[in-house]
Amino acid sequence: EPEVTQTPSHQVTQMGQEVILRCVPISNHLYFYWYRQILGQKVEFLVSFYNNEISEKSEIFDDQFSVERPDGSNFTLKIRSTKLEDSAMYFCASIRGETVIGSYEQYFGPGTRLTVT
Amino acid sequence: GENVEQHPSTLSVQEGDSAVIKCTYSDSASNYFPWYKQELGKRPQLIIDIRSNVGEKKDQRIAVTLNKTAKHFSLHITETQPEDSAVYFCAAVGGGTSYGKLTFGQGTILTVHP
């Protein structure tokens, strides 16, 4: 069964550094998402992406964040200048999207644990 | 935007007992309500979901009920087993501009004692 993959599984970075988190969604999926989960807390929506543009972003997703789908397979989340409070697990997810039936089943990647020191 | 509240935050049961977790949502246009199980350090795993045109759905020991009028939905686990111990999240997909965007509840730590 196809799966969403994410790399790296764990990233350690220093405050102020840029990080890029990578995701490969399932190949025939059309809708892509990034979520964040701070340790011990709920999963929070960051951004959704469809047709090569952002469809919605949360308040967390400020100017330090950006997303890209550079080559039709990878989906990346960049944090320009990391802060301590960016330490969290970041999950990529995708939905196939069937406009007639409205399939919402979301497939999550295994996550990237980001630690900012 | 959508807001999802989940209760209780922790739930402790004996093996074989039933467990019930409840969620309420705020957006009356929400139309899809999944439940996820998450083990430590792992991704959320979909265990059951329900659409707004259905009142109840069952899959073996797991069932979900939805009350659209009251805007709440519940997860029922019967004959609990120690391997059911995990964090459970409810979520809702609202009627906003972003297709499929999930808003999660705060999570319930379920502990099943042998």
Side-chain angles (χ1 to χ4, degrees), chain A residues 1 3-6 9-10 23 25 29-51 53-61 67 88-115, chain B residues 1-10 21 23-25 27 29-54 57 59 64 66 73 86-109:
Chain A
E1 187 176 334
E3 282 195 336
V4 177
T5 59
Q6 288 186 244
S9 56
H10 190 191
C23 168
H29 283 197
L30 302 177
Y31 297 83
F32 312 109
Y33 308 84
W34 283 100
Y35 294 88
R36 179 183 85 172
Q37 186 177 32
I38 294 170
L39 188 63
Q41 297 187 23
K42 68 177 180 180
V43 180
E44 299 175 288
F45 168 79
L46 290 178
V47 66
S48 57
F49 193 85
Y50 170 71
N51 201 23
E53 60 183 26
I54 290 174
S55 21
E56 186 172 346
K57 54 186 180 180
S58 71
E59 290 175 358
I60 303 166
F61 195 90
V67 289
M89 182 77 100
Y90 289 80
F91 292 105
C92 171
S94 65
I95 289 178
R96 180 175 178 183
E98 296 171 350
T99 53
V100 175
I101 299 173
S103 169
Y104 292 126
E105 184 174 349
Q106 202 147 146
Y107 292 76
F108 281 84
T112 293
R113 178 161 299 286
L114 177 65
T115 303
Chain B
E2 175 67 278
N3 183 50
V4 177
E5 297 288 333
Q6 182 173 345
H7 300 279
S9 54
T10 60
I21 303 170
C23 289
T24 59
Y25 61 98
D27 184 355
S30 289
N31 53 13
Y32 175 69
F33 306 92
W35 285 89
Y36 291 90
K37 176 183 180 183
Q38 189 179 35
E39 294 172 347
L40 193 62
K42 300 289 180 67
R43 76 188 89 188
Q45 178 190 359
L46 178 70
I47 56 172
I48 196 166
D49 56 13
I50 192 167
R51 295 184 184 278
S52 58
N53 58 350
V54 175
K57 184 176 176 181
D59 182 4
V64 57
L66 171 65
F73 57 114
V87 182
Y88 290 80
F89 290 96
C90 63
V93 172
T97 56
S98 182
Y99 182 92
K101 169 193 165 187
L102 287 167
T103 301
F104 284 83
Q106 294 88 339
T108 297
I109 302 171

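So you know, we letter chains A, B, ... as the sequences are listed, proteins then strands, and number each from 1.
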Region of A:Y35 in contact with chain B, defined by heavy-atom distances below 4.5 Å: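 Contact with chain B is through the side chain of A:Y35 alone.
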Check each atom of [X] against the heavy atoms of chain A and say whether the ones under 4.5 Å are side chain, backbone, both or neither.
X: B:K42; answer: backbone
X: B:L102; answer: both
X: B:P34; answer: neither

Option in A:S48, A:S58, A:G111, A:P110 with maximal non-hydrogen atom pairs under 4.5 Å from chain B: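 It is A:P110.
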Residue selection (most heavy-atom pairs with chain B, distance under 4.5 Å) from A:M89, A:E105, A:R113: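 Going by pairs under 4.5 Å, I would pick A:E105.
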Audit row: B:R43, A:Q6, side chain to side chain contact (heavy atoms under 4.5 Å, CB included) steps and yes/no: CA-CA 11 Å; B:R43 76 188 89 188; A:Q6 288 186 244; over 6 Å; no
A:F108 and B:F104 aromatic ring geometry - parallel, tilted or perpendicular at 30°/60° bounds: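 Ring orientation, 0 to 90° scale: perpendicular.
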Test salt bridge (Lys or Arg N to Asp or Glu O under 4.0 Å) applied to B:E39 - qualifying residues, sequence neighbours left out: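 So B:E39 forms a salt bridge (Lys or Arg N to Asp or Glu O under 4.0 Å) with B:K37.
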Test salt bridge (Lys or Arg N to Asp or Glu O under 4.0 Å) applied to A:E44 - qualifying residues, sequence neighbours left out: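 So A:E44 forms a salt bridge (Lys or Arg N to Asp or Glu O under 4.0 Å) with A:R36.
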Atom pair CD/NZ of B:Q6 and A:K42 - distance to nearest 0.5 Å: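 Here the interatomic distance stands at 10.0 Å.
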Straight-line distance of B:K101 NZ to A:S55 OG, nearest 0.5 Å: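 That separation rounds to 10.5 Å.
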Smallest separation among heavy atoms of A:Q37 and B:F89, with atom names: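 For A:Q37 and B:F89, the tightest heavy-atom pair comes out as NE2-CZ, 3.5 Å.
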Which atom of B:G100 lies closest to which atom of A:Y33, heavy atoms considered: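 Scanning both residues, the minimum pair turns out to be CA-OH, 3.5 Å.
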Side-chain heavy-atom pair A:Q106, B:Y36 within 4.5 angstrom cut-off: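 Side-chain contact under 4.5 Å: yes.
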